[in-house]
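Order of the sequence lines fixes the chain letters, A, B, ..., with proteins taken first and strands second; residue numbering starts at 1 for each chain.
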2 protein chains.
Amino acid sequence: MTTTDARERLVAAAQELFWAQGVGATSPRQVLAVSGVGQGSLYHHFPTKHDLAAAAVHATTAAGLDAAHRDLDASGSAVERLVRYLERPRPALAGCKVGRLVSDQAVMDDDVLAAEVRAYFRGLVDLAAAVLTEDGLPDDAARDRAHAAVAIVQGGYVLARALDDPDAMTAAARGFVALLDPGPTTPEDA
Amino acid sequence: MTTTDARERLVAAAQELFWAQGVGATSPRQVLAVSGVGQGSLYHHFPTKHDLAAAAVHATTAAGLDAAHRDLDASGSAVERLVRYLERPRPALAGCKVGRLVSDQAVMDDDVLAAEVRAYFRGLVDLAAAVLTEDGLPDDAARDRAHAAVAIVQGGYVLARALDDPDAMTAAARGFVALLDPGPTTPEDA
DNA sequence: GTCTATAAAAGGATAGAC
DNA sequence: GTCTATCCTTTTATAGAC
């Protein structure tokens with residue numbers, strides 16, 4: 001909490017702004033305003049916008065992978081853990097802190113940032129696939145279903161934001177979970 | 001094909017650029033360069049960037065809804081039509097022309113553009129839900145599953161772009177369809 | 001309807017003092 | 001390490017002639 005404080009505040013402000021409006025749309029000046037840090041400090045700690053973006057995006061993906069591990073490495077059956085991941089409460093209207101970066105061309109045109117985003121999603125899919133394989137699903141089917149699970153979450157965010165309705169995200173998850181784990185109400189009941 | 005040609009070329013160029021890099025990140029100058037139209041013409045036809053964006057986004061959503069109708073209103077059983085929609089070949093690495101706008105704050109902060117995007121996704125979900133209801137699914141379950149289907153497509157785009165791998169999108173669709181329509185290889189077979 | 005010229009503001013830094 | 005001042009470029013138009 002001495003002098004490196006400015007650095008941390010810059011990264012936190014950048015994470016917040018990147019989430020709200022994307023990397024390309026965020027100016028150094030905005031980061032200064034939100035962080036309360038002075039201009040000289042910014043360019044001392046991060047010579048270019050890219051340097052700041054790399055630090056902020058890395059912090060965000062690391063936190064996201066941690067959260068996924070907490071859902072998927074926990075106790076319970078394979079399906080239970082996947083459902084826990086799918087139904088975790090999420091800020092549907094704000095969007096996914098990492099997912100939103102994928103349509104930000106400023107991110108995907110930057111090799112370092114694009115690699116960070118790729119590693120995040122590769123980690124997520126691998127984690128989900130491992131859980132499903134445990135469940136006795138053949139490798140190919142497990143990978144397909146893992147991709148579907150991650151896609152449901154990302155697509156749920158897109159739908160919720162597009163429709164301006166958080167329930168759109170939970171509906172998508174429910175629709176998927178119902179297929180995953182045919183419980184009380186089977187289609188045949190109708 | 002007389003003088004309104006400039007207008008059409010401006011809209012086409014804007015659609016192309018918005019798809020590739022978003023609305024916020026696209027400048028009027030880029031639209032001029034791609035369309036080959038002069039600056040005076042742009043501001044004659046579209047006094048502000050918003051006016052151009054409204055025209056271009058509307059053209060894009062209209063085309064997208066048309067395509068969805070072609071898949072979902074066609075012949076075949078309900079599941080067949082839904083699978084046709086889910087498995088239609090898509091430009092996975094380029095992303096969804098409408099879906100990508102959802103994380104573009106310049107779009108979502110503009111009431112007209114946001115409404116256009118909302119109407120597109122509402123139309124998509126309603127269409128899918130109608131198909132599933134036909135199939136005998138109760139209304140609530142049909143809506144949930146319709147949200148899931150649209151989310152799979154949008155999430156598939158996100159995954160494919162993030163992983164820089166078009167197969168990620170088809171994997172997500174396969175994973176979902178396998179649950180929807182448990183065919184030859186049932187989980188129990190293992 | 002289209003052209004060229006101009007301009008006010010924001011973006012992304014750099015310079016040099018402290 | 002941090003501050004203020006400055007700079008060049010791009011954005012988003014506007015002005016006025018043709």
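Ranked by how close their nearest DNA chain D nucleotide is to the 5' end, B/Ser27 and A/Gly38 are led by A/Gly38.
Using a 4.0 Å cut-off between charged side-chain N and carboxylate O, A/Arg174 and B/Asp140 make no salt bridge.
Taking only side-chain nitrogens and oxygens, B/Ser41 never comes nearer than 4.0 Å to OP1 or OP2 of C/dG1.
C/dG12 atom C1' lies 15 Å from atom CG of A/Leu10, rounded to whole Å. Rounded to whole Å, atom C1' of D/dC3 lies 13 Å from atom NE2 of A/His45. Distance, A/Leu32 CG to C/dA10 P: 15 Å, rounded to whole Å. Between the C1' atom of D/dT12 and the CD atom of B/Gln30 lies a distance of 13 Å, rounded to the nearest Å. For the pair A/Phe46 CZ and C/dT14 P, the computed distance is 16 Å after rounding to whole Å.
Looking at the side chain of A/His44, the nearest of the listed nucleotides D/dT11, C/dG12, D/dG1 is D/dG1.
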Shorter than 3.5 Å, N or O on both sides, protein versus nucleotides 13-18 of chain D: list them out with atom names.
unit_1	atom_1	unit_2	atom_2	d
D/dA13	OP2	B/Lys49	N	3.3
D/dA13	N7	B/Gln39	NE2	3.4
D/dA13	N6	B/Gln39	NE2	2.8

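Going from atom CG of B/Asp135 over to atom CZ of B/Arg145 covers 8.0 Å, rounded to the nearest 0.5 Å. Distance check: A/Glu8 CD to A/Ser35 OG gives 12.5 Å after rounding to the nearest 0.5 Å.
Annotation for A/Lys49: atom NZ counts as buried by contact number, over 12 foreign heavy atoms lying within 6.0 Å.
Side chain to side chain, B/Gln105 and A/Arg100 meet the donor-acceptor criterion of an N or O pair below 3.5 Å.
If you run salt bridge (Lys or Arg N to Asp or Glu O under 4.0 Å) between A/Asp71 and each of A/Arg88, A/Arg84, A/Arg81, only A/Arg88 comes through.
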